[in-house]
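The residues of the chain are indexed from 1 along the displayed sequence.
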Amino acid sequence: MVVSVDVAYLISMTSFDGEVSRIDLNYDGSHTLKGVIGGASYPVFWINMSGSHSLAVKEDKLRAQTIVNREDIREYCDAFYKEYASFTFRPFIKGDVGQTLAKMPTWYENYHALLVKNFNLPDNEYDAEAPEQDLPDADAEQVVDQEDFDELLVDIAFADDADRPSSFDAGDAVHHHKFGDGTVTAVDGNKLDVFFRNVGDKRVMDSFVTATEPF
């Protein structure tokens with residue numbers, strides 16, 4: 001059974017003291033998965049669900065398939081989360097008694113509150129065909145402005161790594177998969193202000209653009 005990098009990380013942090021059966025992980029390299037972390041290679045960890053005397057287990061022996069050391073898994077996952085911080089983050093358990101997994105990203109509380117607020121809005125707030133209505137009272141729940149939401153996503157994407165210097169400079173030509181070609185106008189840590197010829201000025205993470213020829 002293939003498991004996500006988050007599950008592999010949590011297993012690597014688990015102490016098997018007899019209360020639960022030991023879970024061993026195998027590793028089959030990293031592969032490009034469509035729609036996952038921007039097309040970068042994703043690690044494939046898996047758990048052998050076959051019986052100890054099954055043909056699959058005997059085949060693993062022929063292939064010299066070995067169980068991966070949990071400390072090595074933990075070190076790999078830590079490096080993975082740091083490398084791809086714009087796409088993912090370390091899993092955490094809020095209120096973890098041992099505090100080992102209790103650390104939350106600095107942006108989590110605000111982001112979670114915003115998601116809950118949108119989730120609790122009436123369905124008709126999202127109905128494009130709904131009839132026009134009088135504006136609600138100032139104290140009533142409001143639909144979160146999309147631009148504000150997008151700005152929040154930019155702020156949280158690398159919040160824990162905001163001081164990392166960017167490899168881009170003002171004047172560099174870049175390409176964004178959604179906004180197209182643009183020119184960097186300012187650099188703020190790992191955030192770029194970019195003028196895109198199709199959509200105008202945008203602020204994006206440097207990890208979401210690639211260097212290209214000036215237009």
Looking only at heavy atoms, what is the nearest atom pair of D206 and S167, with distance? OD2-N, 4.3 Å
Those residues that, when tested against D193, pass salt bridge (charged side-chain N to carboxylate O under 4.0 Å, His left out) (two or more places apart): R203
Contacts of H112 meeting ring-ring contact (aromatic ring centres under 6.0 Å, His included) (sequence neighbours excluded), chain-then-number -> Y108
Any heavy-atom pair between the side chains of D172 and V187 that's under 4.5 Å? no
Are I67 and V2 joined in one hydrophobic group, where the rule is that I, L, V, M, F, W and Y side chains link up if heavy atoms are under 4.5 Å apart? no
Using the side chain to side chain contact (heavy atoms under 4.5 Å, CB included) rule, take R197 and T183 through it: C-alpha gap first, then chi angles, then the decisive distance, then the call. CA-CA 8 Å; R197 58 181 175 180; T183 301; over 6 Å; no
Where do L101 and M13 land on the side chain to side chain contact (heavy atoms under 4.5 Å, CB included) test, with the steps shown first? CA-CA 9 Å; L101 293 167; M13 303 284 284; 3.9 Å; yes
Restricting to non-hydrogen atoms, name the atom on S12 and the atom on R74 that form the minimum distance, rounded to 0.1 Å. O-NH2, 2.6 Å
For the CG atom of N26 and the CE atom of M1, what is their distance to the nearest 0.5 Å? 11.5 Å
Could you list the residues that satisfy salt bridge (charged side-chain N to carboxylate O under 4.0 Å, His left out) with D201, not counting sequence neighbours? none
Taking the inter-plane angle between the rings of F80 and Y84 on a 0 to 90° scale, is it parallel (under 30°), tilted (30 to 60°) or perpendicular (over 60°)? tilted
With a 4.5 Å limit on heavy-atom distance, are the side chains of T14 and I23 in contact? no
Is there a side chain to side chain contact (heavy atoms under 4.5 Å, CB included) between V194 and K202 once you walk through the steps? CA-CA 5 Å; V194 181; K202 293 287 184 180; 5.5 Å; no
For T212, give me all partners under side-chain contact (heavy atoms from CB on, under 4.5 Å), at least two apart in sequence or on another chain. A173, H175, D181
Worked verdict on I73 versus I11 for side chain to side chain contact (heavy atoms under 4.5 Å, CB included): CA-CA 9 Å; I73 295 174; I11 290 175; over 6 Å; no
Just list the side-chain donor-acceptor pairs under 3.5 Å for residues 30-49, sequence neighbours left out, or say none.
unit_1	atom_1	unit_2	atom_2	d
H31	NE2	D28	O	2.8
Y42	OH	V5	N	2.9
N48	OD1	S50	N	2.9
N48	OD1	S50	OG	3.4
N48	ND2	D60	OD2	2.9

Here the pair of heavy atoms bringing A170 nearest to T185 is CB-O, 3.8 Å
NZ-CD distance between K94 and E109, expressed to the nearest 0.5 angstrom: 4.0 Å
To the nearest 0.5 Å, atom CG of D169 lies from atom CG of L192 at 9.5 Å
How close do F89 and P105 get, counting heavy atoms only, and between which atoms? CD1-CG, 3.7 Å
Linked, directly or transitively: V116 and Y111 (ILVMFWY side chains, under 4.5 Å): no
Quick one: ring-ring contact (aromatic ring centres under 6.0 Å, His included) partners of Y9, sequence neighbours excluded? Y81
